[in-house]
2 protein chains.
Amino acid sequence: MIVRPLETVGANAERSRSHNRQVVLSRVRAAGQIGRAEIARSSGLSTQAVSNIIADLLSEDLIVECGRRAGVRGLPAVQYTLNPEGAHALGVEIRPDALFAAVLNLGGETLFSRRVALADTHPDHVTDAVLSLRDIALAENPDAHLLGAGMVMPGPFGATGIRESGSELSAWDDVEPARLFSDALNLPVVVENDANAAAMAERVNGAARGLDTYAFLYFGTGLGLGVVNEGRLVAGTHGNAGEIGHIPVPSDGAIVPLESAVSRLSVQRALGNTGVNVESGEDLAQLYAEEYPALSQWLDRTAEPLSAAVAIIENLFDPQAIILGGAMPDSLLDHMIAGVSLPDRSVATRPDRERPRLLRGASGRMTATLGAAALVINQAFTPMIAAR
Amino acid sequence: MIVRPLETVGANAERSRSHNRQVVLSRVRAAGQIGRAEIARSSGLSTQAVSNIIADLLSEDLIVECGRRAGVRGLPAVQYTLNPEGAHALGVEIRPDALFAAVLNLGGETLFSRRVALADTHPDHVTDAVLSLRDIALAENPDAHLLGAGMVMPGPFGATGIRESGSELSAWDDVEPARLFSDALNLPVVVENDANAAAMAERVNGAARGLDTYAFLYFGTGLGLGVVNEGRLVAGTHGNAGEIGHIPVPSDGAIVPLESAVSRLSVQRALGNTGVNVESGEDLAQLYAEEYPALSQWLDRTAEPLSAAVAIIENLFDPQAIILGGAMPDSLLDHMIAGVSLPDRSVATRPDRERPRLLRGASGRMTATLGAAALVINQAFTPMIAAR
DNA sequence: CTTGATAACTCAAGCATGTTGAGTTAATCG
DNA sequence: CGATTAACTCAACATGCTTGAGTTATCAAG
């Protein structure tokens with residue numbers, strides 16, 4: 001029950017059905033409400049096939065009937081919508097010092113979220129902690145029907161050049177986390193890094209609703225980028241794509257790694273130099289509200305490197321939008337977005353845009369955890385033959 | 001018969017078969033030679049299903065038997081390989097002043113390539129020219145069985161901020177090229193930009209053989225990037241992903257667009273300042289062999305911006321390799337590759353790498369044209385349910 | 001108010017394709 | 001040389017989609 005096997009797989013009747021169910025579900029989600037004939041037209045399936053699948057989905061409570069469409073000739077089409085409470089997903093974020101868990105429903109609404117401290121990051125101990133959080137979540141939501149679990153772990157995965165001793169969970173190097181948790185939870189498990197997960201959270205219930213090609217600039221400890229292309233994460237060879245914190249950008253006449261200028265750590269350092277210690281997002285929001293000079297200066301200095309990063313992302317990925325979010329107060333995110341100078345010479349400059357090029361996404365310390373669950377929700381809507 | 005409809009489509013028996021054929025073909029290509037049972041194991045299909053498909057492929061001459069596997073217990077497995085001459089693809093590159101065409105076989109070998117001058121870039125005229133080139137190609141290769149045609153056109157597509165008046169084919173703005181050529185040629189047609197097409201050429205028969213996640217830095221007029229993630233092109237919202245020429249990079253203390261420092265145009269300008277006019281790749285190769293100072297200096301100056309670009313690509317995409325190619329002589333490409341300083345702090349630095357991080361790809365003015373045909377060849381090996 | 005057009009939907013038969021399990025064949029191993 | 005192993009074939013079977021005829025509910029036109 002592990003995910004990422006990645007090899008494209010052959011189709012048979014059973015897998016076709018599973019694929020078609022997801023095609024139908026994704027149409028229902030995209031449309032909000034929709035009738036069978038319309039799904040059939042847009043999916044290339046016969047109305048009969050769609051009818052059969054709809055009957056299945058109804059009996060599993062994944063969708064519900066919601067009236068009939070009137071105003072046109074012919075038999076009024078019975079409309080269907082997602083039933084948000086029809087299925088749920090568990091999201092877990094593992095950090096060196098704490099464990100976060102959340103439960104989302106199909107509609108992307110948060111039903112549960114919790115933090116527990118983590119004394120020991122050894123895989124066995126983490127597994128126990130995850131199991132007990134799962135139990136608490138299920139005790140508080142007895143009707144939750146878990147489709148699977150998403151796990152967020154500190155990247156980059158495997159041994160790479162970006163190792164910083166101490167900052168990672170070294171005992172995990174020989175463990176295959178997906179298998180470990182899948183066996184422990186007895187659920188399908190997806191593992192992703194924080195930025196990718198957070199990007200998915202925006203798609204399931206956030207600024208990326210309705211988008212399928214976008215990038216999410218995630219403020220974590222450093223800075224990460226989650227890229228979604230045609231509804232699927234661009235993960236790279238080892239799942240380490242989007243390490244945007246390390247790219248060289250201009251800042252005040254020098255070339256620096258992006259996250260040394262634009263990140264939580266960077267603002268903490270800047271404020272620390274003035275003797276101010278920020279612990280939480282609230283502290284930052286407070287200082288921002290007070291127009292604390294060192295913070296304003298730091299924000300001003302993010303404009304240049306951030307603009308460069310935006311230019312890079314837009315030109316390399318041609319996304320529908322770039323979303324900023326994560327561990328940074330909304331007010332600061334908005335300020336940074338306002339400060340970005342969007343180059344006119346960019347593939348993103350088009351006369352027919354109907355959406356801003358930069359958006360603010362979900363922020364706060366649960367962002368990645370919610371994203372972990374969102375990975376599973378998104379999967380429920382992603383047709384599966386021929387790709388993960 | 002247009003490609004890029006993009007919406008995931010429902011599966012039925014017929015589409016499953018088509019998908020499975022491509023799964024089988026891709027396994028045969030990947031393995032070089034392989035038996036039915038092994039394909040079955042790796043694809044999740046039954047041996048019987050694979051046998052049936054193999055029988056089809058044999059009767060269509062797409063594969064051929066090539067002996068039996070010996071040395072193991074049990075009935076020796078009959079092995080199959082691709083028949084390179086089993087199918088062919090037409091590639092066409094449209095430039096403002098000329099039309100290039102090529103025919104590739106399934107093995108990626110070039111059977112035909114031709115250039116004709118283009119007096120008029122009006123769609124009707126271009127279509128006529130394409131048709132007559134197709135006729136010549138078929139006359140010289142009467143046994144060619146065309147699967148489809150790939151078209152390369154100057155990007156970016158649609159109206160964007162990167163328009164440079166005159167450099168584009170403005171009469172094309174209201175035309176849907178894929179439909180136009182599909183109707184004219186009566187073949188399935190794929191349209192891509194030059195960098196993306198060139199990237200595919202490397203995969204079909206070049207430096208990216210066996211890779212499925214890589215980036216191709218393409219020297220055209222400017223500089224483009226073709227990104228392949230899990231065997232599929234990352235095209236972006238409007239097919240304009242990979243416009244790497246416009247990203248800001250450091251060069252000699254300044255921040256410049258990458259292609260102002262690293263591109264064909266850039267080297268021409270640098271040499272032009274010394275009174276030398278380079279017309280062709282041969283001129284450049286010649287100057288390089290002569291160690292012409294202005295060229296050496298230009299090459300030295302590419303190292304810094306190119307290194308930045310490589311760092312950006314590696315950290316954003318986590319590819320198996322980055323390939324440099326296009327309109328630049330091999331000797332210059334090699335020199336540039338040697339000059340790139342690969343950061344140790346990168347997701348690409350891993351102990352278990354068995355491939356260089358930078359490779360030289362196909363170069364020359366036909367690169368993109370061959371890539372156009374390669375798009376079609378690649379498609380023949382790409383399972384199709386649930387994605388373009 | 002009737003009649004026809006239209007479109008969604010259902011039913012049942014038909015069909016393509018994959019699966020299963022019982023043989024068959026041809027190698028290696030002991 | 002017999003046992004074992006593994007690839008392969010055959011035929012019955014299962015699944016899930018399609019097709020085409022028939023039903024129902026609405027709108028539009030006379």
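Protein chains get the first letters and strands the later ones, always in sequence-line order, with residue 1 at the start of each. Only this structure's heavy atoms are used, side chains among them; waters, hydrogens and symmetry mates stay out. Just so we're clear, the structure is a prediction, and the values are computed from it rather than from any experiment.
Atom CG in A/L75 sits roughly 10 Å away from atom P in D/dT24 (whole-Å rounding). Note: OH (A/Y80) to P (C/dA8) measures 13 Å, nearest angstrom. Atom-to-atom, CZ of A/R17 to C1' of C/dT19 comes out at 18 Å; the value is rounded to the nearest Å. Between the CD1 atom of B/I39 and the P atom of C/dG18 there is a distance of 14 Å, given to the nearest Å. Protein atom CD of A/E14 is 13 Å distant from nucleotide atom C1' of C/dT20, rounded to whole Å. Protein atom CD1 of B/I53 is 16 Å distant from nucleotide atom P of C/dA16, rounded to whole Å. Nucleotide C/dA8 holds its P atom 11 Å from the CD1 atom of A/I34, rounded to whole Å. In this structure, B/I54 places its CD1 atom 9 Å from P of D/dC8, rounding to the nearest Å.
Of the two residues contacting DNA chain D, namely B/A37 and A/L45, the nearest-nucleotide position lying further toward the 5' end is that of B/A37. Map B/P76 and B/S16 each onto its nearest nucleotide of DNA chain C; the residue landing nearer the 5' end is B/S16. Residue whose closest nucleotide on DNA chain C sits further toward the 5' end, between A/G74 and A/R68: A/G74. Toward the 5' end of DNA chain D, the nearer of the two residues A/R15 and A/V72, judged by each one's closest nucleotide, is A/R15.
Using a 4.0 Å cut-off, some side-chain N or O of A/N20 falls inside it from OP1 or OP2 of D/dC17. Dashed line: the shortest gap from a side-chain N or O of A/R41 to OP1 or OP2 of C/dA8 is under 4.0 Å. One finds a side-chain N or O of B/N12 lying less than 4.0 angstrom from the OP1 or OP2 phosphate oxygen of D/dT18. Look at B/S51 and you'll find a side-chain N or O under 4.0 angstrom from OP1 or OP2 of D/dT9.
Counting all heavy atoms, side chain and backbone alike, B/M151 lies closest to B/A372 at N-CB, 4.2 Å. In this structure, A/L106 and A/I377 approach most closely via the heavy-atom pair O-CG2, 3.6 Å.
No contact: B/R21 has no heavy atom under 4.0 Å from any strand. Using a 4.0 Å heavy-atom criterion, one finds that B/R36 contacts the sugar-phosphate atoms exclusively. Here B/N52 lies out of heavy-atom contact (under 4.0 Å) with every strand.
Looking at A/Q48, its side chain comes within 3.5 Å of the base of C/dC11 through a donor and an acceptor atom. The base of C/dT28 is paired with the side chain of B/R73 by a donor and an acceptor separated by under 3.5 Å.
For the pair B/D56 and B/R17, the salt-bridge criterion is met [side-chain N within less than 4.0 Å of a carboxylate O].
Nearest to the side-chain atoms of B/A49 among the listed nucleotides C/dT19, D/dG16, D/dC8 stands C/dT19.
A side-chain N or O of A/R27 and one of A/S42 form a donor-acceptor pair less than 3.5 Å apart. Using modelled atom types and a 3.5 Å distance limit, the side chains of B/R203 and B/Y214 yield no donor-acceptor pair.
Proximity of a side-chain donor or acceptor of B/T213 to a complementary backbone N or O of B/Q320 within less than 3.5 Å is not detected.
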